[in-house]
Amino acid sequence: MNTQFISNFLTHWTGKDKDDEKGFKNLKSIVTSNQLFLKYCPHFNPNKFIDAKLKMTCFTDIPHHLSNEHCKRYGKFGIAFKKDNLIKYGVNPVFYILNNKKDDFNKVYELICDIKKYNIPIEIKESLERFFGYVQEYNDRSNNQCYYEREWRILENNLELEESEVVPPGKKGIKSINTETTHYLQFDKNDIEFLICPKLFAKELSKDFNYPVIVYEYLVL
C-alpha cells in the first residue's frame, strides 16, 4: 500500500482536549488493559428532535507524516494498530456526505423513525441504524476538518457483548467506573504495531511496554 496517501495502520490518538500528562496516562491505561472505551459520539442526524448518538471508538488512517494538524486537537500520543486486525473486529471507514445528497439520507432516516408503519423485519431496522453510525457530514464550515480526519469507527452496536470476566478480543465487555456502567472493546496485545509519544516521554514508555516506541517529533514533524 502506498503510505504516501494512506497509512497501513489505524491510529488511536489518546490526548484529545488533554494536556501531555493526561494523554500519556490515557495511552498507558489503554495499552495495559488492552481495552478501548466506547464513548458517545455524534453522527449524521437529519432529525433535530432525535438524539443521534452512538457509542464507538475511533481511529484515523492519516499517514503519520501528515498528522501534525490532526494532532493539534487529538494530542501527540498514539497507538498504531494493525489495520487488518481491526477490520476483523468490524472497523469501517466513515462515509462522508455532501449537502446536496442529504435529501436521500433524510428519507431513509425518516423510514427508520417510522419503521412501525411498515412490515419490515427488526434486523433490517437495526442494520439501517448501524449504517448511519458510519455516516458523517462533510462540513465546509469547519474548513473540511472532519473530512481530513480520515476517520474509521468501531460501533458498539456492531460488537457482541461478553459478560464473563475474560472478554475475548473483538468483543465488548462491561466495566463500572464511578458508579456508572460503561462498555469497552477488548483487543489483543498483538494488534498493536507500535506506540507514539513525544521525545520527553519515550524512555519511560519503552521501559513500561515491550512495543516499539516511535518519537512523535521524528515521525510526525
Side-chain angles (χ1 to χ4, degrees), residues 1-18 23 26-27 30-31 36-46 52-102 104-105 130-159 170 184-185 187 191-198 211-221:
M1 185 179 294
N2 190 335
T3 56
Q4 182 179 356
F5 303 107
I6 300 174
S7 176
N8 286 328
F9 313 105
L10 289 176
T11 303
H12 180 83
W13 298 96
T14 69
K16 181 182 178 183
D17 303 324
K18 300 178 178 67
N26 196 24
L27 182 148
I30 293 170
V31 177
L36 283 165
F37 286 118
L38 298 155
K39 300 180 180 180
Y40 281 114
C41 293
H43 56 89
F44 174 75
N45 177 19
K53 288 186 177 181
L54 291 172
K55 284 188 175 181
M56 61 185 72
T57 187
C58 303
F59 311 85
T60 178
D61 75 348
I62 304 172
H64 292 123
H65 68 281
L66 299 176
S67 296
N68 187 37
E69 286 298 319
H70 181 83
C71 292
K72 289 179 180 179
R73 182 181 182 192
Y74 291 91
K76 303 172 183 177
F77 299 86
I79 305 170
F81 289 92
K82 298 171 183 175
K83 185 178 287 186
D84 288 345
N85 290 32
L86 294 192
I87 288 174
K88 294 176 183 176
Y89 299 161
V91 73
N92 199 75
V94 166
F95 179 18
Y96 296 98
I97 61 168
L98 294 166
N99 285 333
N100 61 2
K101 298 296 186 296
K102 285 178 64 174
D104 288 335
F105 282 83
R130 286 194 292 269
F131 172 80
F132 272 91
Y134 294 116
V135 177
Q136 188 69 45
E137 290 185 63
Y138 183 101
N139 192 344
D140 291 319
R141 290 172 296 179
S142 64
N143 197 28
N144 303 333
Q145 180 177 337
C146 70
Y147 180 67
Y148 291 153
E149 289 182 3
R150 302 276 288 276
E151 185 181 356
W152 291 57
R153 295 172 177 172
I154 294 179
L155 304 180
E156 179 184 29
N157 59 5
N158 271 340
L159 294 170
Y184 61 86
L185 165 70
F187 61 86
D191 296 331
I192 296 177
E193 187 74 22
F194 58 88
L195 307 176
I196 306 165
C197 72
Y211 293 109
V213 174
I214 310 297
V215 174
Y216 174 86
E217 289 86 345
Y218 303 152
L219 182 68
V220 177
L221 296 182

Practice item. For Phe194, enumerate each residue passing the side-chain contact (heavy atoms from CB on, under 4.5 Å) test, keeping only those at least two apart in sequence or located in another chain. Key: Phe9, His64, Ala80, Ile196, Pro212, Ile214, Leu219
Review point. Atom NZ in Lys18, atom NZ in Lys76: separation rounded to 0.5 Å?
Key: 15.5 Å
Check your understanding: Looking at side-chain heavy atoms only, is the closest gap between Phe77 and Pro198 below 4.5 Å?
Key -> yes
Check your understanding: Is the backbone of Glu149 close enough, under 3.5 Å, to the side chain of Thr60 for a donor and an acceptor to pair up by distance?
Key -> yes
Check your understanding: Which residues satisfy the salt bridge (Lys or Arg N to Asp or Glu O under 4.0 Å) test with Glu156, sequence neighbours excluded?
Key -> Lys172
Exercise for review: Measure the CG-CE distance between Leu38 and Met56 for me, rounded to the nearest 0.5 Å.
Suggested key: 9.5 Å
Check your understanding: When rounded to the nearest 0.5 angstrom, what distance separates CG in Leu10 from CZ in Arg153?
Key -> 13.5 Å
Point to revise | For Lys82, side-chain contact (heavy atoms from CB on, under 4.5 Å) partners two or more places apart | key: Asn85, Glu193
Exercise for review: With sequence neighbours excluded, give me every salt bridge (charged side-chain N to carboxylate O under 4.0 Å, His left out) pair touching residues 88-97.
Suggested key: none
Review point. Can you name the one residue among Thr11, Leu221, Val220 that meets side chain to side chain contact (heavy atoms under 4.5 Å, CB included) with Ser67?
Key: Val220
Point to revise | Cys197 versus Val213, closest heavy-atom pair with distance | key: SG-CG1, 3.8 Å
Review point. Does NZ in Lys39 sit with more than 12 non-hydrogen atoms of other residues, nucleotides or ligands closer than 6.0 Å?
Key: no
Check your understanding: What are the two closest heavy atoms between Leu159 and Tyr89, and how far apart are they?
Key -> CD2-O, 3.7 Å
Point to revise | Partners meeting ring pair (Phe, Tyr, Trp, His ring centres under 6.0 Å) with Tyr218 (sequence neighbours left out) | key: none
Practice item. With sequence neighbours left out, write down each residue that passes salt bridge (Lys or Arg N to Asp or Glu O under 4.0 Å) with Asp191, or none if nothing qualifies. Key: none
Exercise for review: Output all residues satisfying ring pair (Phe, Tyr, Trp, His ring centres under 6.0 Å) with Phe187, sequence neighbours left out; order by chain, then residue number.
Suggested key: Phe81
Review point. With Tyr216, which residues qualify under side-chain hydrogen bond (donor to acceptor under 3.5 Å, both in side chains), at least two apart?
Key: Asn68
**Study point:** Cys58 backbone acceptor or donor facing His12 side chain under 3.5 Å
**Key:** yes
Practice item. Please identify each residue that fulfils side-chain contact (heavy atoms from CB on, under 4.5 Å) with Ile87, with sequence neighbours left out. Key: Lys83, Asp84, Val91, Trp152
Review point. Out of curiosity, Leu86 CG to Phe59 CZ, how far, rounded to the nearest 0.5 Å?
Key: 5.0 Å
Check your understanding: Looking at CD1 of Ile79 and CH2 of Trp13, how far apart are the two atoms once the value is rounded to the nearest 0.5 Å?
Key -> 10.5 Å
Exercise for review: Hey, could you give me each pair passing salt bridge (charged side-chain N to carboxylate O under 4.0 Å, His left out) that has a residue in residues 212-221? Not counting sequence neighbours.
Suggested key: none
Point to revise | Non-neighbouring partners of Asn157 that pass side-chain contact (heavy atoms from CB on, under 4.5 Å), sequence neighbours left out | key: Leu54, Arg130, Leu155
Practice item. Kindly compute the distance separating CD (Glu151) from OH (Tyr96), expressed to the nearest 0.5 Å. Key: 5.5 Å
Check your understanding: With a 4.5 Å heavy-atom cut-off, do Asn92 and Asn158 have their side chains touching?
Key -> no
